[in-house]
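The next block holds one structure in the form of structure tokens; read it before the comments.
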Number of protein chains: 2
Amino acid sequence: MALRHAVLAALLHEELSGYQLAKAFDTGVANFWHALPQQLYAELTRLEADGLVTGREVVQDSRPNKRLFTVTDAGHAELERFAAATAKPSFIRDDLLVKVQAVDHVSADAVIAQLRERLAFAEAKIELFGSLLRTLRGDRDEEEFLRHGDRIGPYLTCLRGLAFEEGNRDWCLRGVAVLEERRAARARG
Amino acid sequence: MALRHAVLAALLHEELSGYQLAKAFDTGVANFWHALPQQLYAELTRLEADGLVTGREVVQDSRPNKRLFTVTDAGHAELERFAAATAKPSFIRDDLLVKVQAVDHVSADAVIAQLRERLAFAEAKIELFGSLLRTLRGDRDEEEFLRHGDRIGPYLTCLRGLAFEEGNRDWCLRGVAVLEERRAARARG
DNA sequence: AATGATTAGTCACTTTCTTGAGTATCATGG
DNA sequence: CCATGATACTCAAGAAAGTGACTAATCATT
């Protein structure tokens, strides 16, 4: 149950509403976890019931009211406990890999199309992570920022996200190249 | 519900028992999906009920009997359908990223320890994937194998697994270096 | 001859995730 | 002035995944 810790981590440096949290976790900028709005609202409710966050109502007149959540001391303690516990290894779990695994037995065209789609997606995320990183480090260069900046956590996770998507991009390119070359070879002979 | 397709993909080129399947999905060699034995046995039961695989009893006298499963025509058709459907983008979901995201607010030592653990794990998997790749391509070099070999699907997914773990390794190294440098700087004053 | 590891598999339960449908208010653009 | 979309959130149901505890045979070791 790391979703709860992901939520705590996200709330560490600023008060957020469920809605804001949902946007951060849903749109591509979810550099360290991914979840849908419904899960987040539910998790916030549980976290509040367990005393790990507190919500305060903010009355707005130009918008619907909202509740902003902050991590309590108990919440910080829980995160500390979580950080010290051994993390389970992260396994890849990806539809696209399943398709590629089966590529020798199913239509290669279908798989090529999927790889192209993923490629485009990866490139978009690379862009996104790139500009997010620039925002996070401001006018400093990376080396300097990582040495002396505060809030390097989000920067590091964003770096991982970037490398992951670059890995996706390169692999998709390779896969498309290989499969098309084989298709061409089959067509020739 | 890609587990069922992952199972189908795994059974494509050889008959396997639930137990053999479980080992493939459990140990690190699960280069394209990960699942526990119980899930696999359950999924095999469902797949057989749906007519996508057939099992045949094999009586052994030096071992408990087992059931070997094969993909049926309906199973192949189902995989074909799956390959053509749009894959959902794969999101990162990793305890360790959550810990790093929170690193500015929790004990850095705990996080460094976790990164070191993951680093060792990643290095072990890199070894494993490396030798698996060598086995898959035999005495050919990679370029040649990918051009003319049969069964390139498992090779390609294994390449992705390798790159993923290399990404983990590099990122862990970077993270440890950054966090330790900062700890040293804080200690100096 | 007992102990533990390996092969082979099952059952029951819980948590987590996903899907789909709603509610309500206000701002913006055509 | 009406449609669209953003803000802000809720409820319910179902699928998928994870956890723990089991049975039962054989093989290797001590």
Side-chain angles (χ1 to χ4, degrees), chain A residues 1-8 11 15-27 30 33-50 53 55-69 82 85-95 98, chain B residues 1-8 15-27 30 32-50 53 55-69 82 85-95 98:
Chain A
M1 58 168 176
L3 172 58
R4 64 175 5 202
H5 301 106
V7 170
L8 288 172
L11 291 176
E15 263 186 335
L16 290 174
S17 67
Y19 188 78
Q20 295 173 292
L21 206 52
K23 285 213 304 188
F25 274 74
D26 191 28
T27 72
W33 201 265
H34 168 256
L36 297 171
Q38 294 93 319
Q39 278 174 273
L40 295 168
Y41 283 113
E43 196 59 54
L44 282 171
T45 305
R46 275 192 293 271
L47 282 167
E48 193 175 27
D50 295 348
V53 306
R56 64 181 185 90
E57 184 89 14
V58 174
V59 180
Q60 304 181 111
D61 32 86
S62 73
R63 298 268 168 220
N65 296 346
K66 61 181 172 183
R67 304 193 64 214
L68 294 179
F69 293 91
F82 172 72
T86 66
K88 47 187 78 164
S90 81
F91 293 106
I92 286 189
R93 208 171 246 190
D94 185 342
D95 279 18
V98 175
Chain B
M1 59 170 176
L3 172 58
R4 62 176 4 200
H5 301 105
V7 170
L8 288 173
E15 264 187 334
L16 290 174
S17 69
Y19 187 77
Q20 294 172 291
L21 206 53
K23 285 213 303 190
F25 274 74
D26 191 29
T27 71
F32 69 106
W33 200 266
H34 168 257
L36 297 172
Q38 295 93 319
Q39 284 174 269
L40 294 169
Y41 283 113
E43 195 59 55
L44 282 170
T45 304
R46 275 192 293 270
L47 282 167
E48 194 176 25
D50 296 348
V53 304
R56 64 182 185 90
E57 185 87 15
V58 173
V59 180
Q60 305 180 112
D61 34 83
S62 74
R63 297 271 169 218
N65 296 346
K66 63 181 172 183
R67 303 194 65 216
L68 294 180
F69 293 91
F82 173 71
T86 66
K88 46 187 79 162
S90 81
F91 294 106
I92 286 188
R93 209 171 246 189
D94 185 343
D95 279 17
V98 175

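All chains are named by letter (A, B, ...) in the order of the sequence lines, taking the proteins before the strands, and each is independently numbered beginning at 1.
- The shortest distance between the side-chain N/O atoms of A/Gln39 and the OP1/OP2 oxygens of C/dT18 is below 4.0 Å.
- Here the P atom of nucleotide C/dT10 and the CZ atom of B/Arg46 are 13 Å apart, to the nearest Å.
- The separation between B/Leu16 atom CG and C/dT7 atom P is 14 Å, rounded to whole Å.
- Without hydrogens or angle criteria, A/Tyr41 side chain to A/Tyr19 main chain gives a donor-acceptor distance under 3.5 Å.
- Between A/Arg4 atom CZ and C/dC17 atom C1' there is a gap of 16 Å when expressed in whole angstrom units.
- Nearest heavy-atom pair across A/Ala2 and A/Phe82 is CB-CZ, 4.3 Å.
- Between D/dT7, C/dT16, D/dT10, one nucleotide has an atom nearer to the side chain of A/Met1 than all others, and that is C/dT16.
- Counting only heavy atoms from C-beta outward, the side chains of B/Asp95 and A/His5 never approach each other to under 4.5 Å.
- For the OP1/OP2 pair of C/dT19 and a distance below 4.0 Å, the side-chain nitrogens and oxygens of B/Lys88 include at least one atom meeting the criterion.
- The side chain of B/Arg93 contributes an N or O atom lying less than 4.0 Å from OP1 or OP2 of C/dC17.
- Between B/Leu3 atom CG and C/dT18 atom P there is a gap of 15 Å when expressed in whole angstrom units.
- Note: CD (A/Glu43) to C1' (C/dC17) measures 12 Å, nearest angstrom.
- Protein atom CZ of A/Arg63 is 21 Å distant from nucleotide atom P of C/dT23, rounded to whole Å.
- The side chain of B/Gln38 lies closest to C/dT10 when the candidates are C/dC26, C/dT10, D/dA25.
- The shortest distance between side-chain heavy atoms of B/Phe91 and A/Trp33 does not fall below 4.5 Å.
- Phosphate proximity of C/dT7 to B/Lys23: present, with a side-chain N or O under 4.0 Å from OP1 or OP2.
- Considering every non-hydrogen atom in both B/Leu3 and B/Ala35, the closest pair reads CD1-CB, 3.9 Å.
- Look at A/Tyr19 and you'll find a side-chain N or O under 4.0 angstrom from OP1 or OP2 of D/dT7.
- Phosphate contact (OP1/OP2 of D/dT7, side-chain N/O of A/Arg67, threshold under 4.0 Å): absent.
- Considering only the side chain of B/Gln60, C/dA8 comes nearest among C/dA8, D/dC11, D/dA17.
- Pairing each heavy atom of B/Leu68 with each of B/Ser17, the nearest pair is CD2-N, 3.4 Å.
- The interatomic distance linking A/Leu21 (CG) with D/dC9 (C1') rounds to 13 Å, in whole Å.
- Closest of all the heavy-atom pairs between A/Leu11 and A/Leu21 is CD2-CD1, 4.2 Å.
- The side chain of B/Leu36 sits closest to D/dT19 out of D/dA25, D/dT19, C/dT18.
- OP1 and OP2 of C/dT7 both lie 4.0 Å or more from every side-chain N or O belonging to B/Ser17.
- Within the structure, side chain to side chain donor-acceptor pair (under 3.5 Å) contacts touching residues 59-68 of chain A (residues at least two apart or in different chains) are A/Glu48-A/Arg67.
- Note that the two end axes of the helix from C/dA1-D/dT30 to C/dG30-D/dC1 enclose an angle of 30°, each drawn from 5 base pairs, rounded to 10 degrees.
- Between the P atom of D/dC9 and the CD atom of A/Glu48 lies a distance of 12 Å, rounded to the nearest Å.
- Comparing A/Trp33 and B/Phe69 against DNA chain C, the residue whose closest nucleotide sits nearer the 5' end is B/Phe69.
- Taking side-chain N and O atoms only, B/Tyr41 has a distance below 4.0 Å to OP1 or OP2 of C/dG9.
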